[in-house]
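Since the structure comes first, as structure tokens, the remarks are kept for the end.
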2 protein chains.
Amino acid sequence: MAGKKSPNGARSDPAVTTEARRAPMREFSRSLPMSLLRAREAVMRQFRPSLRNHGLTEQQWRILRALTAVDTIEVTELARVAFLLGPSLSRILRDLEARDLIERRTAKADLRRGEVSISSKGLKLIEAVAPTSEAIYAEITSRYGARKLAELQDMLAELERGLAEMEVAGEADAEADE
Amino acid sequence: MAGKKSPNGARSDPAVTTEARRAPMREFSRSLPMSLLRAREAVMRQFRPSLRNHGLTEQQWRILRALTAVDTIEVTELARVAFLLGPSLSRILRDLEARDLIERRTAKADLRRGEVSISSKGLKLIEAVAPTSEAIYAEITSRYGARKLAELQDMLAELERGLAEMEVAGEADAEADE
DNA sequence: GCGGACAACTTAACATGTTAAACAAATTTC
DNA sequence: GAAATTTGTTTAACATGTTAAGTTGTCCGC
């Protein structure tokens, strides 16, 4: 992974035949979306093995994690908190319920709404995973620096805010593009 | 989409029945993975409609975009640059080839390797999408501030570096967890 | 109090993420 | 130089992302 071996050892650069040409544009790997994607992937790579050992995917973990903070929550609100789209959440809840990690009932006042809560089994699972997760998070924090980490998150939050404003402003343009 | 309407308008907080309780942990929505995920999603939300109008997904765009910078590139190297896993790339290349947006051949020196390049049709498509993309990127940059954006990307890159080191150090722990 | 609009999910369909396994070609070992 | 190993790529299988459509329950105006 670190050193790239050249099996045939003949050409100096086996992969990229030609240097940059044509459209210059922004250098691709340094675009903001790629930077964010790589950073997030680097972070999640730390957590995934531990989650996997407990039979959880990242999204399932997010849901259970969000459920520990409340007694009961409605599906739509859970989607917002766990940052999942409705269809994904729907599928995952079906699975988590089948594994008895969560419980569901429909709201008395509004039969459309589903109320979700974590089960005691789910809670136990969380408690089993949390220590490792916290340890990893602590290691990341200490390596990167707590202060710097907080600053990074502030900057990310501000980016979010600014982009949310853009969406409102740029709603008409998209239609003109169709 | 913007304002959340409460249809029944009766209860003060229809979704979350109870305030926080049980395990405190880090507040979920402020975790680093969630911050990165939301930020990236906010960014991509700006680009997706334009890509969609041209019949491209984000990943397909990444691939074509990476191909414009080179004459020819091997599949593995392309996966690294476009930050896609092999299986995803394999499927997408199959599709892009069927749409005549790319061209493939096998390397003479090593029949295992595939060499990929963008077709003239693919190049035209890129050129059709690029202006809108660049405009959006420019708008983001100007809103957030070019200086600040560069700083953010530096911080993300440093985070990546630090995490890459962690992976090497923490390889033994994972096995003990199995 | 009924029909239309809306709201809260859920399903469906297709694309990608993720891990494991299959495969063929190249390299290494003995 | 044939067997064992490794490498580059694809296939398989299952989970999620994403958009559209379907279902059922509420609300609202008349």
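Reminder, nothing fancy here: chain letters follow the sequence lines and each chain counts from 1. The model shown is predicted, which means the values in this text are computed figures rather than measured ones.
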Test side chain to side chain donor-acceptor pair (under 3.5 Å) on A/R48 and A/T57; report intermediate values, then the result.
CA-CA 7 Å; A/R48 253 189 283 269; A/T57 66; over 6 Å; no

Where do B/T106 and B/R112 land on the side chain to side chain donor-acceptor pair (under 3.5 Å) test, with the steps shown first?
CA-CA 7 Å; B/T106 53; B/R112 293 171 302 181; over 6 Å; no

Could you go through B/S88 and B/R91, starting from their C-alpha distance and side-chain angles, then the distance that decides it, and tell me whether this counts as side chain to side chain donor-acceptor pair (under 3.5 Å)?
CA-CA 5 Å; B/S88 293; B/R91 282 178 304 218; 3.3 Å; yes

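The listed nucleotides are D/dT10, C/dT11, C/dT10; the one nearest the side chain of A/R94 is C/dT11.
D/dG25 atom C1' lies 15 Å from atom CD of A/E115, rounded to whole Å. Put simply, CD on B/E77 is 15 Å from C1' on D/dT9, counting in whole angstrom units. What separates CZ of A/R113 from C1' of D/dT26 is a distance of 10 Å, to the nearest Å. Spacing between atom CD of A/E74 and atom C1' of C/dC9 amounts to 11 Å, rounded to whole angstrom units. Rounded to whole Å, atom P of D/dT7 lies 18 Å from atom CG of B/L111. Taking atom NZ of B/K108 as the reference point, atom P of C/dA26 lies 14 Å away to the nearest angstrom. Taking atom CG of B/D110 as the reference point, atom P of D/dT9 lies 8 Å away to the nearest angstrom.
At least one side-chain heavy atom of B/R62 sits under 4.5 Å from a side-chain heavy atom of A/M34. Two residues are said to be in side-chain contact when any heavy atoms from C-beta on lie closer than 4.5 Å; B/Q60 and B/R99 meet this criterion. You'll find the side chain of B/V116 stays beyond 4.5 Å of the side chain of B/T72, heavy atoms only. Side-chain contact check for B/L159 versus B/L32: some heavy-atom pair is nearer than 4.5 Å. Contact check for B/R143 versus A/E165: side-chain heavy atoms found under the 4.5 Å cut-off. With contacts defined as side-chain heavy-atom distances shorter than 4.5 Å, the pair A/I126/A/W61 qualifies.
Residue contacts for B/R104: at a heavy-atom cut-off of 4.0 Å it reaches the sugar-phosphate backbone alone, with no base atom in range.
Axis angle across the helix from C/dG1-D/dC30 to C/dC30-D/dG1, with five pairs used at each end and values rounded to 10°: 10°.
Between the base of C/dA7 and the side chain of A/R112 there is a donor-acceptor pair shorter than 3.5 Å.
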What does the B/S/- profile of nucleotides 15-22 of chain D look like, 5' to 3', with a 4.0 Å heavy-atom cutoff to protein?
SBBBBB--

